[in-house]
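Not measured: the values here are computed from a predicted model.
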Amino acid sequence: MRAAFDGVVARRFHNPGDLVEATAADPVLRVIDPSRLEIVAAVPLSDAARISVGSAARVMGGTIGADNFDAKVVAGPTTVEAGTATVPVRLAFAHVAALPAGALLQVEIYAERHANVVVIPVVAIVHEAEQTVVFVALGGKAQRRVVTVGLADGVHAEIIAGLTAGELVIVNGQAGLPDQAAIAVADSGDAKPADAAQGRTTGGKQ
């Protein structure tokens, strides 16, 4: 047997003397090119529609503790993995990565990017019935604002409407606070300015 490219043997499926079926379903060896490693990430089915070919991603070392690597999606979701609620997504490294084949990695896929948006800490958000509100510290009073939330990553949330950059939002003690209640900012942890920043969300992890 002769491989069609230079590489290394990553796995041996048979031992000398074994009977081998003359079909592609019964391979003898798995040969890989270390300079062309790719990743197969398991993406939750609920996020699959947001993943597209060309999306940027970040690869982290996972169990092997390697450095972070840049990557991109080269093949979108296909069939659902049997017995799971995930779909496989194939990614390629932006540069050659010296990683062992078969290593378990963690992947963040940037499904969406929004530039120049208003971002606040998620702890500032209060859910009241069907409304999402924040409280703004203004003139010694807590002003209640109904807001529309966009992307969120668990720490920060994008505010699409209801707030402007630079306004001071209350992040401590705002639950149950009535509109126009008199307040005093005791320290820097009680209120933070809404930032004009860049929001992102991840599509899936492995």
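Distance check, rounded to the nearest 0.5 Å: CD of E108 to CZ of R58 gives 4.5 Å. Separating the CZ atom in F5 from the CD1 atom in I32 is a distance of 8.5 Å, to the nearest 0.5 Å. Expressed to the nearest 0.5 Å, how far CD1 of I109 lies from CG of D47 amounts to 9.0 Å. Atoms CG and CD1, from L104 and I39 in turn, are 12.0 Å apart once rounded to the nearest 0.5 Å. Rounding to the nearest 0.5 Å gives a distance of 9.5 Å between CG of L105 and CG of L37. How far CZ of F93 is from NZ of K72: 14.0 Å, rounded to the nearest 0.5 Å.
A distance-only check finds no donor-acceptor pair linking the side chain of E167 to the backbone of A165 [under 3.5 Å]. The backbone N or O of V146 lies less than 3.5 Å from no partner atom in the side chain of E128, so there is not a single donor-acceptor pair. Looking at R145, its side chain does come within 3.5 Å of a backbone N or O of G162 through a donor-acceptor pair.
When I159, I160, I120 are each tested for a side-chain contact (heavy atoms from CB on, under 4.5 Å) with V147, only one passes: I159.
More than 12 heavy-atom neighbours from other residues, nucleotides or ligands sit within 6.0 angstrom of CG on D26. Counting heavy atoms of neighbouring residues, nucleotides and ligands inside a 6.0 Å radius, atom CG of D6 does not exceed 12 of them.
I51 has its side chain out of reach of V87: every pair of non-hydrogen atoms, C-beta onward, lies at least 4.5 Å apart.
Residues passing the side chain to side chain donor-acceptor pair (under 3.5 Å) test with E21: none are found, sequence neighbours excluded. In this structure, R30 has no side chain to side chain donor-acceptor pair (under 3.5 Å) partners at least two apart in sequence or on a different chain. Applying the side chain to side chain donor-acceptor pair (under 3.5 Å) rule to N15 yields the partners R12; only residues at least two apart in sequence or on another chain are considered.
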